[in-house]
Amino acid sequence: MEHPVHKLLEWYQRNRRDLPWRRTKDAYAILVSETMLQQTQVDTVIPYFRRFMTEYPTVGALARADQEAVVKHWQGLGYYSRARRLHSAAQMVVDEFDGRVPSSLEQIRQLPGVGAYTAGAVLSIAYDLPTPAIDGNVLRVMARYLGVREPVRQASVLCLIEDTMQSWIQLVSPGEFTQAVMELGALVCTPRNAACLVCPLVDSCYAHDLGEVDVIPAKTEKKARRKANVGALWIEKNGSILVERRKPSGLLAGMWQLPAVEYNGSEDVTSHLHPLLEELYTEGGQPSVEESTAPYLVPMATERHLFSHVEWSVTVYRPVGLTLDLGVAQASTDRMWCSLADLEKLAWPRVYEKLLERLIGERVKI
DNA sequence: AAAACGGGGGC
DNA sequence: GCCCCAGTTTT
(Lines give C-alpha, C1' and ligand atoms only; values in the text may rest on other atoms or scores of the structure.)
Protein backbone atom coordinates (compact mmCIF):
# COMPACT_ATOMS: atom_id res chain seq x y z
CA MET A 1 0.00 0.00 0.00
CA GLU A 2 1.10 3.52 -0.80
CA HIS A 3 2.70 5.42 2.06
CA PRO A 4 0.51 8.29 3.31
CA VAL A 5 3.29 10.78 2.64
CA HIS A 6 2.63 10.34 -1.08
CA LYS A 7 -0.98 11.34 -0.60
CA LEU A 8 0.23 14.36 1.32
CA LEU A 9 2.51 15.41 -1.51
CA GLU A 10 -0.23 14.86 -4.06
CA TRP A 11 -2.56 17.00 -1.98
CA TYR A 12 0.10 19.71 -1.76
CA GLN A 13 0.63 19.82 -5.52
CA ARG A 14 -3.06 20.48 -5.98
CA ASN A 15 -3.65 22.87 -3.09
CA ARG A 16 -0.46 24.81 -2.53
CA ARG A 17 -0.86 28.57 -2.26
CA ASP A 18 1.08 30.69 -4.69
CA LEU A 19 3.27 32.56 -2.23
CA PRO A 20 6.08 34.93 -3.25
CA TRP A 21 8.81 32.79 -1.69
CA ARG A 22 7.54 29.70 -3.47
CA ARG A 23 8.57 31.17 -6.81
CA THR A 24 12.27 30.88 -6.03
CA LYS A 25 14.84 28.37 -4.88
CA ASP A 26 17.27 31.13 -3.90
CA ALA A 27 18.54 30.17 -0.46
CA TYR A 28 18.85 33.80 0.58
CA ALA A 29 15.23 34.50 -0.31
CA ILE A 30 14.14 31.37 1.52
CA LEU A 31 16.15 32.46 4.56
CA VAL A 32 14.49 35.86 4.51
CA SER A 33 11.02 34.37 4.22
CA GLU A 34 11.56 31.75 6.92
CA THR A 35 12.94 34.37 9.28
CA MET A 36 9.92 36.59 8.71
CA LEU A 37 7.59 33.62 9.11
CA GLN A 38 8.87 32.87 12.61
CA GLN A 39 5.92 33.53 14.93
CA THR A 40 4.28 35.49 12.16
CA GLN A 41 1.47 34.56 9.82
CA VAL A 42 1.73 34.26 6.07
CA ASP A 43 -0.66 37.08 5.19
CA THR A 44 1.23 39.47 7.45
CA VAL A 45 4.58 38.51 5.96
CA ILE A 46 3.74 38.77 2.25
CA PRO A 47 3.97 42.57 1.81
CA TYR A 48 7.04 42.77 4.04
CA PHE A 49 8.77 40.05 2.04
CA ARG A 50 8.06 41.77 -1.27
CA ARG A 51 9.39 45.12 -0.08
CA PHE A 52 12.41 43.53 1.59
CA MET A 53 13.43 41.56 -1.50
CA THR A 54 13.00 44.62 -3.69
CA GLU A 55 15.21 46.65 -1.37
CA TYR A 56 17.72 43.87 -0.65
CA PRO A 57 17.55 41.47 -3.60
CA THR A 58 20.79 39.67 -2.74
CA VAL A 59 22.60 38.64 0.41
CA GLY A 60 25.35 41.08 -0.56
CA ALA A 61 22.89 43.95 -0.76
CA LEU A 62 21.60 43.13 2.70
CA ALA A 63 25.09 42.76 4.11
CA ARG A 64 26.03 46.23 2.83
CA ALA A 65 22.88 47.86 4.15
CA ASP A 66 22.65 50.08 7.19
CA GLN A 67 21.13 48.11 10.04
CA GLU A 68 18.84 51.00 10.91
CA ALA A 69 17.38 50.82 7.44
CA VAL A 70 16.92 47.07 7.71
CA VAL A 71 15.03 47.46 10.97
CA LYS A 72 12.95 50.22 9.38
CA HIS A 73 11.84 47.74 6.73
CA TRP A 74 10.86 45.39 9.57
CA GLN A 75 8.73 48.05 11.29
CA GLY A 76 5.39 46.57 12.35
CA LEU A 77 6.46 42.97 11.90
CA GLY A 78 7.63 42.57 15.49
CA TYR A 79 10.46 40.63 17.09
CA TYR A 80 12.93 43.16 15.77
CA SER A 81 15.93 41.13 16.90
CA ARG A 82 15.11 38.92 13.92
CA ALA A 83 15.93 41.79 11.58
CA ARG A 84 19.23 42.55 13.27
CA ARG A 85 20.23 38.90 13.33
CA LEU A 86 19.28 38.45 9.69
CA HIS A 87 21.40 41.46 8.81
CA SER A 88 24.32 40.01 10.80
CA ALA A 89 23.74 36.64 9.17
CA ALA A 90 24.00 38.23 5.72
CA GLN A 91 27.32 39.78 6.70
CA MET A 92 28.55 36.44 7.98
CA VAL A 93 27.52 34.76 4.72
CA VAL A 94 29.52 37.31 2.77
CA ASP A 95 32.54 37.35 5.07
CA GLU A 96 32.85 33.70 5.98
CA PHE A 97 30.89 31.66 3.47
CA ASP A 98 31.93 33.27 0.21
CA GLY A 99 28.57 34.96 -0.26
CA ARG A 100 26.57 31.73 -0.36
CA VAL A 101 24.09 30.67 2.29
CA PRO A 102 25.68 27.48 3.67
CA SER A 103 24.18 24.16 2.59
CA SER A 104 25.51 22.19 5.53
CA LEU A 105 23.59 21.93 8.77
CA GLU A 106 26.65 22.62 10.85
CA GLN A 107 27.51 25.81 8.99
CA ILE A 108 24.04 27.27 8.54
CA ARG A 109 23.37 26.84 12.25
CA GLN A 110 26.27 29.20 12.92
CA LEU A 111 24.30 32.09 11.41
CA PRO A 112 22.69 34.29 14.03
CA GLY A 113 18.95 33.78 14.19
CA VAL A 114 19.08 30.40 12.47
CA GLY A 115 17.90 27.69 14.83
CA ALA A 116 16.84 24.13 14.19
CA TYR A 117 13.63 25.06 12.40
CA THR A 118 15.05 27.66 10.03
CA ALA A 119 18.08 25.51 9.25
CA GLY A 120 15.85 22.58 8.32
CA ALA A 121 13.54 24.77 6.29
CA VAL A 122 16.28 26.43 4.24
CA LEU A 123 18.25 23.24 3.65
CA SER A 124 15.22 21.26 2.55
CA ILE A 125 13.43 23.96 0.54
CA ALA A 126 16.41 25.67 -1.08
CA TYR A 127 18.84 22.76 -1.38
CA ASP A 128 16.45 19.80 -1.32
CA LEU A 129 18.35 18.15 1.51
CA PRO A 130 16.50 15.69 3.80
CA THR A 131 16.58 17.86 6.93
CA PRO A 132 13.08 18.18 8.41
CA ALA A 133 11.78 21.53 9.60
CA ILE A 134 9.54 21.30 12.62
CA ASP A 135 7.39 24.32 13.34
CA GLY A 136 4.09 24.76 15.16
CA ASN A 137 2.10 23.50 12.20
CA VAL A 138 4.22 20.38 11.88
CA LEU A 139 4.04 19.70 15.58
CA ARG A 140 0.26 19.90 15.54
CA VAL A 141 -0.13 17.80 12.39
CA MET A 142 2.20 15.08 13.62
CA ALA A 143 0.92 15.03 17.20
CA ARG A 144 -2.54 14.40 15.79
CA TYR A 145 -1.42 11.93 13.19
CA LEU A 146 0.48 9.93 15.81
CA GLY A 147 -2.22 10.37 18.45
CA VAL A 148 0.10 11.91 21.03
CA ARG A 149 -1.80 12.88 24.20
CA GLU A 150 1.26 14.01 26.11
CA PRO A 151 2.37 17.66 25.97
CA VAL A 152 4.11 18.18 22.63
CA ARG A 153 7.10 19.87 24.24
CA GLN A 154 7.95 16.72 26.12
CA ALA A 155 11.34 15.48 24.96
CA SER A 156 10.11 11.99 24.17
CA VAL A 157 7.34 13.41 22.00
CA LEU A 158 9.72 15.66 20.13
CA CYS A 159 11.99 12.70 19.47
CA LEU A 160 9.12 10.65 18.14
CA ILE A 161 8.00 13.45 15.82
CA GLU A 162 11.54 14.19 14.68
CA ASP A 163 12.16 10.52 13.94
CA THR A 164 8.92 10.25 12.00
CA MET A 165 9.68 13.39 10.01
CA GLN A 166 13.20 12.15 9.36
CA SER A 167 11.92 8.88 7.92
CA TRP A 168 9.15 10.50 5.89
CA ILE A 169 11.34 13.13 4.29
CA GLN A 170 13.51 10.36 2.81
CA LEU A 171 10.59 9.11 0.74
CA VAL A 172 9.90 12.21 -1.35
CA SER A 173 11.30 15.56 -2.46
CA PRO A 174 12.49 17.16 0.81
CA GLY A 175 11.57 20.68 -0.24
CA GLU A 176 8.08 19.70 -1.28
CA PHE A 177 7.66 17.61 1.85
CA THR A 178 8.61 20.40 4.24
CA GLN A 179 6.20 22.80 2.62
CA ALA A 180 3.48 20.18 2.30
CA VAL A 181 3.35 19.39 6.02
CA MET A 182 3.30 23.05 6.98
CA GLU A 183 0.69 23.84 4.34
CA LEU A 184 -1.50 21.05 5.66
CA GLY A 185 -1.21 22.53 9.14
CA ALA A 186 -2.07 25.99 7.84
CA LEU A 187 -5.00 25.06 5.61
CA VAL A 188 -6.48 21.77 6.87
CA CYS A 189 -5.10 20.54 10.17
CA THR A 190 -5.72 23.90 11.84
CA PRO A 191 -5.66 24.55 15.60
CA ARG A 192 -9.47 24.62 15.71
CA ASN A 193 -12.08 23.25 13.36
CA ALA A 194 -9.70 21.01 11.49
CA ALA A 195 -11.02 20.09 8.04
CA CYS A 196 -10.52 16.35 8.42
CA LEU A 197 -13.05 15.76 5.67
CA VAL A 198 -10.56 16.92 3.06
CA CYS A 199 -7.37 15.77 4.76
CA PRO A 200 -5.12 13.49 2.68
CA LEU A 201 -3.95 11.75 5.87
CA VAL A 202 -7.34 11.11 7.44
CA ASP A 203 -7.34 7.37 6.74
CA SER A 204 -4.31 6.77 8.94
CA CYS A 205 -4.65 9.66 11.41
CA TYR A 206 -4.63 8.34 14.98
CA ALA A 207 -6.30 11.39 16.53
CA HIS A 208 -9.09 11.22 13.97
CA ASP A 209 -9.50 7.54 14.74
CA LEU A 210 -9.73 8.32 18.46
CA GLY A 211 -12.07 11.26 17.90
CA GLU A 212 -9.55 13.48 19.67
CA VAL A 213 -8.53 15.90 16.94
CA ASP A 214 -9.94 18.75 19.01
CA VAL A 215 -7.92 17.93 22.12
CA ILE A 216 -4.60 17.08 20.50
CA PRO A 217 -2.16 18.62 20.95
CA ALA A 218 -2.87 19.20 24.64
CA LYS A 219 -3.34 22.85 25.52
CA THR A 220 -0.72 24.50 27.69
CA GLU A 221 -1.79 26.79 30.51
CA LYS A 222 -1.31 30.46 29.81
CA LYS A 223 0.43 32.93 32.07
CA ALA A 224 -1.15 36.12 33.31
CA ARG A 225 -0.33 39.31 31.46
CA ARG A 226 1.22 42.11 33.50
CA LYS A 227 -0.33 45.56 33.14
CA ALA A 228 1.76 48.69 32.90
CA ASN A 229 1.23 52.33 32.06
CA VAL A 230 3.56 54.33 29.89
CA GLY A 231 3.75 58.10 30.09
CA ALA A 232 5.31 59.73 27.03
CA LEU A 233 6.10 63.36 26.27
CA TRP A 234 5.27 65.43 23.20
CA ILE A 235 7.90 68.13 23.25
CA GLU A 236 7.94 70.34 20.20
CA LYS A 237 10.40 73.10 19.39
CA ASN A 238 10.98 74.91 16.13
CA GLY A 239 8.98 72.31 14.26
CA SER A 240 10.97 69.42 15.69
CA ILE A 241 9.99 66.72 18.19
CA LEU A 242 12.19 65.29 20.91
CA VAL A 243 12.60 61.54 20.39
CA GLU A 244 14.61 58.86 22.13
CA ARG A 245 16.01 55.44 21.38
CA ARG A 246 15.10 52.54 23.63
CA LYS A 247 17.78 50.56 25.41
CA PRO A 248 19.81 48.13 23.28
CA SER A 249 18.31 45.11 25.02
CA GLY A 250 14.92 44.09 26.32
CA LEU A 251 11.50 44.92 24.98
CA LEU A 252 11.53 46.77 21.64
CA ALA A 253 15.30 47.06 21.92
CA GLY A 254 16.80 49.94 20.00
CA MET A 255 13.48 51.16 18.62
CA TRP A 256 12.58 54.86 18.66
CA GLN A 257 9.89 56.35 20.86
CA LEU A 258 8.82 59.60 22.42
CA PRO A 259 10.66 60.24 25.71
CA ALA A 260 8.77 57.96 28.07
CA VAL A 261 8.65 56.20 31.39
CA GLU A 262 6.93 52.94 32.24
CA TYR A 263 5.27 52.79 35.61
CA ASN A 264 2.97 50.68 37.70
CA GLY A 265 -0.73 51.24 37.12
CA SER A 266 -1.33 52.21 40.74
CA GLU A 267 1.15 55.08 40.63
CA ASP A 268 0.82 58.72 39.68
CA VAL A 269 2.00 59.73 36.23
CA THR A 270 3.36 63.14 37.25
CA SER A 271 5.69 61.60 39.81
CA HIS A 272 7.33 59.78 36.92
CA LEU A 273 7.15 62.35 34.13
CA HIS A 274 8.45 65.27 36.19
CA PRO A 275 11.77 63.51 36.87
CA LEU A 276 11.99 62.71 33.16
CA LEU A 277 11.43 66.36 32.29
CA GLU A 278 14.07 67.27 34.83
CA GLU A 279 16.47 64.90 33.14
CA LEU A 280 15.74 66.39 29.73
CA TYR A 281 16.52 69.87 31.01
CA THR A 282 19.70 68.78 32.71
CA GLU A 283 20.79 67.03 29.54
CA GLY A 284 20.20 70.23 27.58
CA GLY A 285 22.52 72.09 29.89
CA GLN A 286 19.74 74.09 31.49
CA PRO A 287 19.36 74.76 35.21
CA SER A 288 17.03 72.36 36.95
CA VAL A 289 13.30 72.89 36.83
CA GLU A 290 12.03 74.83 39.82
CA GLU A 291 8.95 73.60 41.56
CA SER A 292 7.17 76.79 40.55
CA THR A 293 7.71 76.01 36.90
CA ALA A 294 6.42 72.45 37.11
CA PRO A 295 4.18 72.14 34.09
CA TYR A 296 0.72 70.80 33.69
CA LEU A 297 0.68 67.57 31.75
CA VAL A 298 -2.10 67.69 29.19
CA PRO A 299 -3.05 64.25 27.88
CA MET A 300 -3.13 64.22 24.07
CA ALA A 301 -3.71 60.60 23.08
CA THR A 302 -3.81 57.10 24.54
CA GLU A 303 -3.25 53.72 22.90
CA ARG A 304 -3.44 50.29 24.44
CA HIS A 305 -1.08 47.65 23.17
CA LEU A 306 -0.88 43.94 23.95
CA PHE A 307 2.35 42.01 24.07
CA SER A 308 2.46 38.34 24.97
CA HIS A 309 3.57 39.09 28.53
CA VAL A 310 2.56 42.69 29.23
CA GLU A 311 -0.31 45.05 28.46
CA TRP A 312 0.66 48.65 27.84
CA SER A 313 -1.49 51.70 28.13
CA VAL A 314 0.52 54.48 26.52
CA THR A 315 -0.54 58.08 27.03
CA VAL A 316 1.20 61.00 25.40
CA TYR A 317 1.29 64.22 27.44
CA ARG A 318 2.08 67.74 26.37
CA PRO A 319 3.80 69.75 29.09
CA VAL A 320 2.18 73.17 29.38
CA GLY A 321 3.50 76.11 31.38
CA LEU A 322 7.21 75.53 30.99
CA THR A 323 9.11 78.70 31.73
CA LEU A 324 12.43 77.31 30.61
CA ASP A 325 13.62 76.36 27.20
CA LEU A 326 15.13 72.99 26.47
CA GLY A 327 18.63 73.20 25.13
CA VAL A 328 19.16 72.22 21.53
CA ALA A 329 22.35 70.33 22.09
CA GLN A 330 21.61 66.90 23.56
CA ALA A 331 24.52 65.15 25.21
CA SER A 332 22.96 61.76 24.82
CA THR A 333 23.08 60.02 21.48
CA ASP A 334 19.90 58.25 22.52
CA ARG A 335 17.86 61.45 22.28
CA MET A 336 17.59 63.91 19.45
CA TRP A 337 15.37 66.47 17.85
CA CYS A 338 13.56 65.18 14.79
CA SER A 339 11.57 67.23 12.34
CA LEU A 340 7.98 66.20 11.80
CA ALA A 341 8.81 65.23 8.24
CA ASP A 342 11.68 62.99 9.35
CA LEU A 343 9.75 61.07 12.00
CA GLU A 344 8.81 58.47 9.44
CA LYS A 345 12.44 57.74 8.71
CA LEU A 346 12.93 56.24 12.17
CA ALA A 347 11.85 52.73 13.18
CA TRP A 348 8.94 52.94 15.61
CA PRO A 349 7.09 50.19 17.49
CA ARG A 350 3.54 49.78 16.25
CA VAL A 351 1.98 51.47 19.26
CA TYR A 352 3.99 54.64 18.70
CA GLU A 353 3.30 54.46 14.99
CA LYS A 354 -0.40 54.64 15.81
CA LEU A 355 0.05 57.43 18.33
CA LEU A 356 2.13 59.55 15.97
CA GLU A 357 -0.39 59.10 13.22
CA ARG A 358 -3.10 60.45 15.50
CA LEU A 359 -1.01 63.27 16.93
CA ILE A 360 0.31 64.51 13.64
CA GLY A 361 -3.13 64.21 12.11
CA GLU A 362 -4.67 66.26 14.92
CA ARG A 363 -1.88 68.77 14.75
CA VAL A 364 -2.83 69.66 11.21
CA LYS A 365 -6.30 70.64 12.42
CA ILE A 366 -4.83 72.82 15.16
C1' DA B 1 13.91 24.44 31.88
C1' DA B 2 11.84 28.67 31.63
C1' DA B 3 11.46 33.30 30.26
C1' DA B 4 11.85 36.99 27.06
C1' DC B 5 10.72 38.79 22.86
C1' DG B 6 5.78 41.83 19.02
C1' DG B 7 2.21 41.72 16.61
C1' DG B 8 -1.84 40.37 14.22
C1' DG B 9 -5.22 37.04 12.57
C1' DG B 10 -9.01 33.64 13.43
C1' DC B 11 -13.23 32.86 15.50
C1' DG C 1 -12.14 38.59 24.25
C1' DC C 2 -9.57 34.54 24.01
C1' DC C 3 -7.05 31.48 21.08
C1' DC C 4 -3.02 30.62 18.07
C1' DC C 5 2.06 31.39 16.66
C1' DA C 6 8.37 25.34 17.69
C1' DG C 7 11.27 29.95 16.89
C1' DT C 8 15.73 31.75 18.74
C1' DT C 9 18.22 33.48 22.24
C1' DT C 10 18.99 34.55 26.91
C1' DT C 11 18.79 33.56 31.71
Side-chain angles (χ1 to χ4, degrees), chain A residues 31-48 71 74-89 108-122 131-144 148 151-162 164-165 178 181-182 185-195 214-228 230 246-257 303-312 314 347-354:
Chain A
L31 175 61
V32 171
S33 68
E34 290 300 339
T35 302
M36 288 184 170
L37 287 163
Q38 292 168 12
Q39 312 286 38
T40 311
Q41 297 192 346
V42 165
D43 289 341
T44 305
V45 166
I46 288 173
Y48 283 88
V71 174
W74 213 270
Q75 177 176 303
L77 206 47
Y79 286 118
Y80 300 100
S81 63
R82 289 183 297 176
R84 297 194 173 86
R85 290 180 185 133
L86 180 61
H87 180 240
S88 299
I108 200 170
R109 280 296 310 265
Q110 293 173 24
L111 301 178
V114 176
Y117 164 76
T118 307
V122 173
T131 51
I134 299 176
D135 74 344
N137 287 318
V138 175
L139 211 56
R140 183 176 58 256
V141 169
M142 297 306 286
R144 285 174 177 168
V148 174
V152 285
R153 295 173 190 248
Q154 198 171 300
S156 58
V157 173
L158 294 180
C159 284
L160 172 63
I161 291 177
E162 278 173 26
T164 307
M165 291 289 289
T178 291
V181 184
M182 294 196 288
L187 300 182
V188 174
C189 196
T190 49
R192 281 162 306 186
N193 305 325
D214 292 336
V215 296
I216 294 177
K219 311 291 183 253
T220 56
E221 78 284 12
K222 56 186 180 297
K223 283 167 298 187
R225 185 181 273 133
R226 174 174 65 88
K227 287 188 179 182
V230 175
R246 292 179 61 83
K247 293 183 316 228
S249 65
L251 186 64
L252 299 167
M255 303 295 281
W256 290 92
Q257 64 179 16
E303 282 281 351
R304 288 158 48 79
H305 189 79
L306 296 175
F307 301 96
S308 51
H309 57 301
V310 59
E311 176 179 345
W312 266 8
V314 185
W348 301 87
R350 185 65 105 198
V351 62
Y352 281 96
E353 210 183 333
K354 291 178 183 170

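Residue numbering restarts at 1 for every chain, and letters A, B, ... go by the order of the sequence lines.
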Does A:Tyr117 get its side chain close enough to the base of C:dG7, under 3.5 Å, for a donor-acceptor pair?
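No such pair is found, so the answer is no.
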
Choosing from [options], which nucleotide comes nearest the side chain of [X]?
X	options	value
A:Leu252	B:dG7, C:dC4, C:dA6	B:dG7
A:His305	C:dC4, B:dG6, C:dG7	B:dG6
A:Leu251	B:dG6, C:dT8, B:dC11	B:dG6

Sticking with atom [atom1], work out how far [N] lies from [M], rounded to a whole angstrom.
N	M	atom1	result
C:dT11	B:dG6	P	14 Å
C:dA6	B:dA1	C1'	15 Å
B:dG8	C:dT9	C1'	23 Å

Considering all heavy atoms, the nearest [X]-[Y] contact:
X	Y	answer
A:Val314	A:Tyr352	CG1-OH, 4.1 Å
A:Pro349	A:Tyr80	CA-OH, 4.4 Å
A:Ala119	A:Arg109	CB-CD, 3.6 Å
A:Thr190	A:Arg144	O-NH1, 2.8 Å

Roughly, in whole Å, what's the span from [atom1] in [X] to [atom2] in [N]?
X	N	atom1	atom2	answer
A:Leu306	B:dA4	CG	P	17 Å
A:Leu158	C:dG7	CG	P	13 Å
A:Phe307	B:dG9	CZ	P	16 Å
A:Ile46	B:dG8	CD1	C1'	14 Å
A:Trp348	B:dG7	CH2	C1'	19 Å
A:Leu86	B:dC5	CG	P	21 Å
A:Glu311	B:dG7	CD	C1'	14 Å
A:Trp312	B:dG7	CH2	P	9 Å

Taking for each residue the nucleotide of DNA chain B with the nearest heavy atom, is it A:Asp43 or A:Gly76 whose nucleotide lies nearer the 5' end?
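Here A:Gly76 is the residue nearer the 5' end.
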
Which sits closer to the 5' end of DNA chain C, A:Arg109 or A:Leu139, going by the nucleotide each is nearest to?
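Counting from the 5' end, the first nearest nucleotide belongs to A:Leu139.
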
Please evaluate residues A:Gln257 and A:Val351 with respect to the criterion side chain to side chain contact (heavy atoms under 4.5 Å, CB included), reporting the C-alpha separation (whole Å), side-chain torsions for both, the decisive distance (0.1 Å), and the verdict.
CA-CA 9 Å; A:Gln257 64 179 16; A:Val351 62; over 6 Å; no

For the atom pair CG (A:Leu158) and CE (A:Met142), what is the distance rounded to the nearest 0.5 Å?
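That separation rounds to 12.0 Å.
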
What distance do A:Arg304 atom CZ and A:Lys354 atom NZ have between them, rounded to the nearest 0.5 Å?
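That separation rounds to 11.0 Å.
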
Which dot-bracket notation, 5' to 3', represents the base pairing of DNA chain B when pairs are defined as Watson-Crick or G-U with both distances under 3.5 Å, crossing pairs as [ ], and inter-strand pairs as |?
|||||.|||||

Is any side-chain N or O of [X] closer than 4.0 Å to OP1 or OP2 of [N]?
X	N	value
A:His309	B:dC5	yes
A:Arg350	B:dG8	yes
A:Arg192	C:dC4	no
A:Ser81	C:dT8	no
A:Tyr79	B:dA4	no

Would you mind classifying the nucleic acid contact of [X] as base, sugar-phosphate or nothing, using non-hydrogen atoms under 4.0 angstrom?
X	answer
A:Val152	nothing
A:Arg85	sugar-phosphate
A:Ser308	base

What are the residues of residues 34-42 of chain A, sorted by number, that bring a heavy atom to within less than 4.0 Å of DNA chain B?
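Within residues 34-42 of chain A, the residues near DNA chain B are A:Gln39, A:Thr40, A:Gln41.
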
Measuring centre to centre across the rings, with the benzene-like ring taken for any Trp, is A:Trp312 within less than 6.0 Å of A:Phe307?
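Yes.
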
Can you list the residues that meet the side-chain hydrogen bond (donor to acceptor under 3.5 Å, both in side chains) rule with A:Thr40, with sequence neighbours excluded?
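With neighbours one apart ignored, the set is A:Arg82.
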
Side-chain donor/acceptor of A:Arg85 to backbone N/O of A:Pro112, under 3.5 Å
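No, the answer is negative, given that no donor and acceptor are paired below the 3.5 Å cut-off.
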
Is it the case that the side chains of A:Glu34 and A:Tyr117 hold a donor-acceptor pair, with the cut-off being a distance below 3.5 Å and no angle test?
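The answer is yes; a qualifying pair exists.
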
